[in-house]
Structures are given as C-alpha cells and as structure tokens.
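Scroll down for the structure; my scribbles are underneath it.
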Amino acid sequence: MRQLPPLSDPSYGFSPTPFGECCIAFSNDGICALTFPETRESALRDLEHRFPETDFHQNDEKAARLVRSIFEKTKMPRLNPIGTEFQLSIWNALQQIPAGKTTTYALIAEAIGRPKAVRAVGTAIGANPIAFLIPCHRVIRTDGSLGGFRWGLECKKAMLEWEKK
DNA sequence: ATAAAGGCCACCC
DNA sequence: GGGTGGCCTTTAT
C-alpha cells in the first residue's frame, strides 16, 4: 500500500489533547496520520514505517493550531488517509457515525456491502491511520463489549465518554 | 505463492 | 466467563 504522489510539504508535530499527547502528520493534501503513542520515539518509528520515502519536518506550532481546531471543533480539517480500497471504504463508513453514538463491527461490514468480512473489518479498523477524526473509537462489539483499540482501551473509553456530552 | 496474524461473531460449554 | 471454527484482508515469508 504505497502512496503514488509524494506529499507536498510534509510536516508533523506533537501536541496535547484531552486524551494525552498526540502525534499529527500533515501536508498540503491534508492530515495523513494522527496517533496517541506511548512515546515520541514510537510515533516517529510509526511514521517512518508508514511513509518510508517521506521526510517530514517538525512543526509543533502548526500541529498545535491544527489540534486545537480539531478538539474545539471549530472546523473539520481535510483528511488524506492512505490505504487499500477495502480500507478506504471502511474508514469512509466510520465517518458516517455521528459523534456520541456507537455502532458495531458487524454493522460496518453490512454498510460496506461485505457482511461476511467482519473479521477483516476489525483488522482494517485497527489500521485506521487518523485516530479520532476517523472515529474508529465509536465501533464496539455486537455483544456490547468494547472491543479493541490500538491506543489502549482506556483511551477508547475516554473518547466515548468525552463525546457523550 | 503461501502462511500467519488479526480491534470479530455465532455457538458451544 | 472461556474455547473453537469459520470468515476475509493484509503482511511477511
């Protein structure tokens, strides 16, 4: 899964959020990554792994402005997720879930017309490159339990709680 | 090409 | 609560 056109003016930065420090990566094409890593080193390794050809330059100030607009909900920034067709269709479906609501992995599978692919849907949701903005935290199991979360279940809980009001 | 690994689910105990 | 088998995509051999 490789991006064909190179990112224009690729940048990244770290910034505090209601859910701990995030790492956000963006270019003129939009946000390409938003993560909530344990450490800054792991965040950078992540970026390097996902974009081996791209050399991002650090811009914490711009990152902070972006992050502020995200969590104050002043405006929805442009997203630039990179993935397979299957993944993109799922990440797109996630964005239809209203804030404060939840759905299930099985219902997402239905929504994209692949009702049998539930397991693969879970995997694809786990590969969501833009946490929070692509609201993978709003997807739980059919039996009502929380399911998984790449950045820790506490973080998933906190996001759902935060959106409840 | 093929194996192995997943943020799942239904079904059993 | 826990374990098994089936399902489908992605990534690493």
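Values reported hereafter were calculated over all heavy atoms of this structure, with side chains retained and with hydrogens, waters and symmetry mates removed. Order of the sequence lines fixes the chain letters, A, B, ..., with proteins taken first and strands second; residue numbering starts at 1 for each chain.
Rounding to whole angstrom units, CG of residue A/D143 and P of C/dG2 are separated by 13 Å. The CZ atom of A/F86 sits 13 Å away from the P atom of B/dG7 (whole-angstrom rounding). As rounded to whole Å, 13 Å separates atom C1' of B/dC9 from atom CD of A/E110. If you take CZ of A/F132 and C1' of B/dG7, they are 18 Å apart, rounded to a whole angstrom. When rounded to the nearest whole Å, the span between CD1 of A/I90 and P of B/dG7 equals 13 Å. One interatomic measurement links the two molecules: CG of A/L94 to C1' of B/dG7, which rounds to 12 Å at whole-angstrom precision. Atoms CZ (A/R141) and P (B/dC9) sit 6 Å apart, rounded to a whole Å. Look at CG on A/L107: it is 16 Å from C1' on B/dG7, rounded to the nearest Å.
Closest approach to the A/Y105 side chain among B/dC9, C/dG6, C/dT9 is made by B/dC9 (side chain taken as heavy atoms from C-beta onward). In this structure, the nucleotide among C/dC8, B/dC9, C/dG6 sitting nearest to the side chain of A/A120 is C/dC8. The side chain of A/H49 approaches C/dA12 more closely than any other nucleotide in the set B/dC8, C/dA12, C/dC8. Listed nucleotides: B/dG6, C/dC8, C/dT9. Nearest to the side chain of A/T123: B/dG6. Distance from the side chain of A/C136 is smallest for B/dG7 among the nucleotides C/dT9, B/dC9, B/dG7. Distance from the side chain of A/V118 is smallest for B/dC9 among the nucleotides C/dC7, B/dC9, B/dG7. Among the nucleotides B/dA10, C/dC8, C/dT10, the one closest to any side-chain atom of A/Q87 is C/dT10. Considering only the side chain of A/T104, B/dC9 comes nearest among C/dC8, B/dG7, B/dC9. Counting only heavy atoms from C-beta on, A/I125 has its side chain closest to B/dG7 among C/dC8, C/dT10, B/dG7. Checking B/dG6, B/dG7, B/dC9 against the side-chain heavy atoms of A/K156 singles out B/dG7 as nearest.
Side-chain N/O atoms of A/T142 include one lying less than 4.0 angstrom from OP1 or OP2 on B/dC9. Proximity of A/R119 to the phosphate of C/dT10: no side-chain N or O atom is located under 4.0 Å from OP1 or OP2.
Taking the ring centre of A/W162 as origin, the terminal cationic atom of A/K156 falls outside the region bounded by 6.0 Å and 45° from the ring axis.
A/N28 and A/S8 share a side-chain donor-acceptor pair at under 3.5 Å.
Ion pairing between A/R40 and A/E21 holds under the 4.0 Å rule for side-chain N and carboxylate O.
A/F132 and A/F19 have their aromatic ring centers within a separation under 6.0 angstrom.
Nucleotide C/dC7 forms a pair with no other nucleotide shown, judged by Watson-Crick or G-U wobble geometry with both contacts under 3.5 Å.
Other residues, nucleotides and ligands contribute only 12 or fewer heavy atoms inside 6.0 Å of the CG atom of A/D55. More than 12 heavy-atom neighbours from other residues, nucleotides or ligands sit within 6.0 angstrom of CD on A/Q96.
Judged by distance alone, with hydrogens and angles left aside, A/R150 brings no side-chain donor or acceptor close enough to the base of B/dG7 to form a pair under 3.5 Å.
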